[in-house]
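Quick note: numbers below take in every heavy atom, side chains included, and nothing from hydrogens, waters or symmetry partners. The structure displayed is predicted, hence computed values, not measured ones. Numbering of ligands and ligand atoms starts at 1, following listing order.
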Amino acid sequence: MKVGFIGLGAMGAPMARHLHAKGLLTAVGNRTQSKADELAAELGVRAARSTDNFADCDVVALCVSLDHDVLTTVEGLANVLRAGTVVVDHSTVSVETARRAAAMLATHDIAFIDAPVSGGVEGARNGKLSVMLGADEAALDKARPVLEAYAARITHMGGIGAGQATKAINQVLVAGINEAVCEGLALGEKLGLDPDKLLPTLMAGAANSWFLEKRGATMMRDEFTPGFKCVHMLKDLRIVQGIAASAGIRTTAIDQAAADYAELVERGQGEADTSALITLKREKPSQG
Ligand code: NAP
């Protein structure tokens with residue numbers, strides 16, 4: 001099987017490395033060409049210069065940034081891939097984008113799987129991602145060896161879009177936990193509690209979470225290297241707001257998180273890790 005990977009960022013590069021370790025990786029591509037050239041040279045695979053260079057692949061996986069990036073990449077792939085091949089998208093985008101991508105490829109008999117992931121850069125590096133899928137069975141069967149290269153769990157949630165719908169729910173929980181952890185730790189700092197005692201105590205009880213474990217100590221040291229960028233969290237929360245508005249639920253947590261990440265992005269913190277949220281929580285609220 002020949003596999004291509006497009007989007008070699010915080011998530012994509014380690015995922016591509018796992019494919020290489022399984023002997024599946026043929027070509028890598030990225031918007032900034034130097035990243036593809038460097039990884040390709042290191043792994044001894046092809047550095048693609050455009051989607052044309054994936055023409056011989058059986059499966060092409062993407063982990064790019066935004067909805068627009070998925071749609072332009074898929075448009076390019078639709079014109080070059082053979083019938084019967086599969087495009088797997090690991091980016092977090094809207095359900096609507098997943099359906100549009102699938103429709104574009106379907107006219108060329110190419111299958112599409114929306115396959116967003118959770119588990120952070122640590123999950124990508126360790127090959128322990130949770131992958132949530134919208135796909136038909138036949139496409140999933142073909143792509144399974146690819147997914148198994150970096151997944152701890154693969155869940156087929158339903159037809160096209162069901163993976164992205166599941167990821168939207170995932171992001172509600174992630175954003176809500178971030179709000180609580182950052183607010184709690186900012187308060188702990190103000191009360192003068194020793195982080196070396198506070199953090200393990202919280203982690204040993206009911207307050208533990210992935211975010212507390214992975215980002216608690218670094219945020220208290222003011223280290224905000226991504227990880228997961230604020231600008232991507234804001235993108236996700238805008239998607240979630242759209243879904244929640246149509247479904248008709250009370251969105252207190254979602255709206256507060258969206259407002260906070262919008263403020264961080266406005267302040268020039270878009271490329272910082274989401275744990276930079278603690279910098280807002282440390283501030284005294286403005287009066288009246
Ligand atoms: P990232 O570090 O910014 O990486 C994105 C990569 O995609 C960059 O290398 C970028 O190229 C490349 N890219 C963007 N548009 C492209 C295009 N049109 N064609 C080719 N390459 C393109 O972001 P990330 O953290 O890996 O996240 C990627 C996606 O996964 C996002 O949708 C994000 O929401 C989602 N996600 C992230 C995490 C996480 O913890 N980080 C977890 C789950 C899901 P450049 O080098 O030019 O920037």
Transitive ILVMFWY side-chain link [X] to [Y], under 4.5 Å:
{"X": "V86", "Y": "M157", "result": "no"}
{"X": "I177", "Y": "L212", "result": "yes"}
{"X": "V174", "Y": "V181", "result": "no"}

Please report the shortest heavy-atom distance between [X] and [Y], naming the atom on each side.
{"X": "V45", "Y": "V28", "value": "CG2-CG2, 4.2 Å"}
{"X": "I254", "Y": "Q241", "value": "CG2-CG, 3.6 Å"}
{"X": "P200", "Y": "P195", "value": "CD-O, 3.8 Å"}
{"X": "V265", "Y": "V231", "value": "CG2-CA, 4.0 Å"}

Provide, to 0.1 Å, the distance between [atom] and the closest protein heavy atom, together with that atom's residue and name.
{"atom": "atom 30 (O) of ligand 1", "answer": "C63 SG, 3.5 Å"}
{"atom": "atom 10 (C) of ligand 1", "answer": "N30 OD1, 3.6 Å"}
{"atom": "atom 28 (C) of ligand 1", "answer": "V64 O, 3.3 Å"}
{"atom": "atom 23 (O) of ligand 1", "answer": "H232 CE1, 3.2 Å"}
{"atom": "atom 26 (O) of ligand 1", "answer": "M11 N, 2.9 Å"}
{"atom": "atom 15 (N) of ligand 1", "answer": "D69 CG, 3.2 Å"}
{"atom": "atom 47 (O) of ligand 1", "answer": "T32 OG1, 2.5 Å"}
{"atom": "atom 4 (O) of ligand 1", "answer": "G9 CA, 3.2 Å"}

Within-shell test, [X] vs ligand 1, heavy atom, strictly < 4.0 Å:
{"X": "G227", "answer": "yes"}
{"X": "S65", "answer": "yes"}
{"X": "G29", "answer": "no"}
{"X": "K235", "answer": "yes"}
{"X": "K167", "answer": "yes"}

Any nitrogen or oxygen of A10, side chain or backbone, less than 3.5 Å from one on ligand 1? yes
Any nitrogen or oxygen of R31, side chain or backbone, less than 3.5 Å from one on ligand 1? yes
Would you mind checking if K281 and E179 are paired as a salt bridge, meaning a charged N to carboxylate O distance below 4.0 Å? yes
What I want to find out is whether K229 reaches D273 closely enough, with some N-O distance under 4.0 Å, to be called a salt bridge. no
Which of the numbered atoms in ligand 1 are under 4.0 angstrom from any heavy atom belonging to [X]?
{"X": "V117", "result": "43 (C), 44 (C)"}
{"X": "K229", "result": "1 (P), 2 (O), 3 (O)"}
{"X": "I6", "result": "20 (C)"}
{"X": "K35", "result": "8 (C), 9 (O), 45 (P), 46 (O)"}
{"X": "G7", "result": "7 (O), 12 (C)"}
{"X": "S91", "result": "32 (O)"}

The single option from N170, T92, T166 that satisfies side-chain hydrogen bond (donor to acceptor under 3.5 Å, both in side chains) with S118 is N170
Mind running side chain to side chain donor-acceptor pair (under 3.5 Å) on D67 and S94 for me, showing each step along the way? CA-CA 7 Å; D67 292 63; S94 68; 3.1 Å; yes
Report the part of V93 in contact with ligand 1, treating N, CA, C, O as backbone and CB onward as side chain, heavy atoms under 4.0 Å; options are side chain, backbone, both, neither. neither
Given that the side chain starts at C-beta and the backbone is N, CA, C, O, which of these parts of L8 lies under 4.0 Å from ligand 1, counting heavy atoms, or is it both or neither? backbone
Using side chain to side chain contact (heavy atoms under 4.5 Å, CB included) as the criterion, point out the one residue from L8, V146, L129 that pairs with M15. L129
Just by distance, with hydrogens left out, do N178 and Y261 show a side-chain donor and acceptor under 3.5 Å apart? yes
So L185 and L198, do their side chains get closer than 4.5 Å, heavy atoms only? yes
